[in-house]
Structures are given as C-alpha cells and as structure tokens.
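Down below is the structure, laid out as structure tokens.
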There are 2 protein chains.
Amino acid sequence: MSYKDKKVITIGMVSELTGLTERKIRYYEERKLVFPERTPGGTRKYSFLDVERLIDIANKMEDGMQTFEIRKMEQKQLRKKEVRDRMLRGQLNAAFNLRK
Amino acid sequence: MSYKDKKVITIGMVSELTGLTERKIRYYEERKLVFPERTPGGTRKYSFLDVERLIDIANKMEDGMQTFEIRKMEQKQLRKKEVRDRMLRGQLNAAFNLRK
DNA sequence: CGTGTAAGGAATTCTGACACG
DNA sequence: CGTGTAAGGAATTCTGACACG
C-alpha cells in the first residue's frame with residue numbers, strides 16, 4: 001500500500017490535522033467509523049486516509065447526521081464500490097477471453 | 001506538499017519503520033542529516049521522506065561512510081539538482097519566449 | 001446521543017551524561 | 001566517532017466514569 005494507508009500518526013497529530021478533539025476521535029472509533037491500529041503499548045495509530053475520513057465524518061456531523069447513519073452510508077458506498085469493481089473485472093475478463 | 005512531506009510521525013514509529021534505534025535517529029539529527037519538526041511539547045515529528053532518508057543514511061553508514069561525508073554528499077546532490085532545475089527553467093523560458 | 005472534563009496510571013519521548021573504543 | 005545505557009522528568013495517551021442534555 002501507499003503512504004496514505006500506513007497507520008503511523010498518533011491521536012494528538014490527528015487532532016491537530018482534523019481540528020477534532022481527541023474525545024471525538026475516540027468516540028467515532030467506538031461507533032465503528034474509524035479503525036486505528038495499536039502499538040504494543042496500546043497507543044492508537046492512524047493513517048492519512050483515516051484523517052481524510054475523519055474530516056468527512058466531521059462534515060457529516062455538522063450537517064446533523066448521526067453516527068449510525070454515517071456508518072450505514074459508508075457501508076452502502078462500500079457495497080456500491082464492490083459491485084463496480086466486480087463488473088469492471090468481469091468486463092476485463094470478457095475482453096481478455098475474446099483475445100485468446 | 002504531499003503526504004510524503006508532512007511531519008507527523010513520532011520517533012518510535014520511525015524506529016520501527018527504519019529498524020534504527022532512537023539513539024541513532026537522534027544522533028543523525030545532531031549531525032544535521034535529518035530535520036524533524038517539534039510539537040509545542042518538544043516531541044519530534046518526522047515525515048515519510050525523512051524515513052526514506054534515514055534508510056538511505058543507514059545504508060551509507062553500513063558501507064563505512066561517516067556522518068560528515070554523508071552530509072557533504074547530500075549537499076553536493078542538492079547543488080546538482082539546483083543547477084538542473086535552473087537549466088530546465090531557462091529552457092522553458094526560452095521556448096516560451098519563442099512562442100510570443 | 002455526542003461531547004466535555006477530572007482522575008490515575010501507563011507508555012512514550014526528552015535531555016545530558018557516562019562508557020567504550 | 002558512533003552508539004548503548006541508566007536516570008529523572010515532562011509530554012502524551014489510555015480507560016472508565018460522571019455530567020449534561
């Protein structure tokens with residue numbers, strides 16, 4: 001994976017990068033919206049992608065959306081993406097089979 | 001700048017990513033080979049570019065190079081790069097002037 | 001439900017120094 | 001010169017709980 005996906009940022013930096021309090025960031029994890037890794041000592045580690053996701057979450061919260069709605073929305077988009085990927089792969093396979 | 005240049009990684013993670021001890025990482029800073037930023041509290045923050053640079057430094061150290069040699073070598077490469085950039089910019093300007 | 005806060009403890013990092021070679 | 005280590009302190013993070021609404 002790219003640097004964007006490497007979980008290397010502590011919660012203090014994430015707080016600075018997103019403008020969110022640490023309390024909020026931990027709460028969104030409790031609500032299954034972000035999934036940091038942990039050091040052996042238990043310290044949370046986030047990726048830049050997590051930072052982007054948190055900013056997106058913050059915007060949706062400002063719009064009055066609730067955490068469970070955001071979670072469902074993300075799951076829905078994930079499923080859409082999977083469908084798209086499957087179709088794309090199918091077309092690529094079809095094109096490939098025509099060639100041989 | 002890109003994510004690669006954002007100083008967000010603590011020394012513990014850098015140690016893990018590079019395989020270097022924290023002692024070595026701090027020493028290479030003392031010898032002016034890397035330049036982390038600091039939080040208000042004084043904690044060092046590195047970028048992925050710093051991590052790459054440290055891996056490069058580690059390789060050169062293994063080859064028996066000394067810190068001051070590595071520093072000079074990097075300065076030399078920086079100057080070369082500046083010359084290249086200046087030439088490139090000059091050629092672009094020339095091409096642009098021909099057009100108008 | 002979402003978030004602030006005080007509490008106590010544990011993990012992380014910092015500096016300056018001594019040691020060895 | 002480059003690096004390990006023990007020392008003491010400070011900054012950072014963690015969890016569980018109480019509070020408010």
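Below, read A as the first sequence line, B as the second, and so on, with proteins coming before strands; counting in each chain starts at 1.
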Between [atom2] on [N] and [atom1] on [X], what's the gap in Å once rounded to a whole number?
| X | N | atom1 | atom2 | value |
| --- | --- | --- | --- | --- |
| A:Glu16 | D:dT13 | CD | C1' | 15 Å |
| B:Met13 | D:dT13 | CE | P | 14 Å |
| A:Phe68 | C:dG2 | CZ | C1' | 13 Å |

- prompt: If only side-chain N and O atoms of B:Thr67 are considered, is one of them under 4.0 Å from the OP1 or OP2 phosphate oxygen of D:dG2?
  reply: yes
query: Think A:Thr10 has a side-chain N or O under 4.0 angstrom from the OP1 or OP2 of D:dT13?
result: yes
- prompt: For A:Ile25, which of A:Leu33, A:Leu54, A:Ile57 qualifies under side-chain contact (heavy atoms from CB on, under 4.5 Å)?
  reply: A:Leu54
query: Knowing that exactly one of B:Lys32, B:Met65, B:Gln75 qualifies, which makes a side-chain contact (heavy atoms from CB on, under 4.5 Å) with B:Ile70?
result: B:Met65
query: So, do B:Tyr3 and A:Phe48 have ring centers that fall under 6.0 Å from each other?
result: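 Aromatic pair counts; centres sit under 6.0 Å.
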- request: Find which nucleotide of DNA chain D each of B:Gln66 and A:Gly42 is nearest to by heavy atoms, and output the residue with the more 5' nucleotide.
  value: B:Gln66
Could you check whether [X] pairs with [Y] (Lys NZ or Arg NE/NH1/NH2 to Asp/Glu carboxylate O, under 4.0 Å)?
| X | Y | value |
| --- | --- | --- |
| B:Glu69 | B:Lys60 | no |
| A:Glu30 | A:Arg26 | no |
| B:Glu29 | B:Arg38 | yes |

field: Nucleic acid contacts - residues 21-40 of chain B versus DNA chain D, non-hydrogen atoms under 4.0 Å
entry: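 By residue number: B:Thr21, B:Arg23, B:Lys24, B:Tyr27, B:Tyr28, B:Arg31, B:Thr39.
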query: Which nucleotide in the list C:dC14, D:dG2, D:dC14 gets nearest to the side chain of B:Ile11?
result: C:dC14
task: Report the stems of DNA chain C as range-with-range entries sorted by first number; a stem here is at least three consecutive pairs, Watson-Crick or G-U wobble, both distances under 3.5 Å, and write none if there are none.
output: C:2-5 with D:17-20, C:17-20 with D:2-5
Residue pair A:Leu17 / B:Lys6, side-chain heavy-atom distance below 4.5 Å: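 Side-chain contact under 4.5 Å: yes.
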task: Supply the atom-to-atom distance B:Thr18 OG1 to B:Tyr28 OH, rounded to the nearest 0.5 angstrom.
output: 9.5 Å
field: Residue closer to the 5' end of DNA chain C, A:Met61 versus A:Lys45 (nearest nucleotide)
entry: A:Met61
- prompt: Taking atom types as modelled and ignoring hydrogens, do the side chains of B:Tyr27 and B:Arg31 form a donor-acceptor contact shorter than 3.5 angstrom?
  reply: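 Result is yes, a qualifying pair exists.
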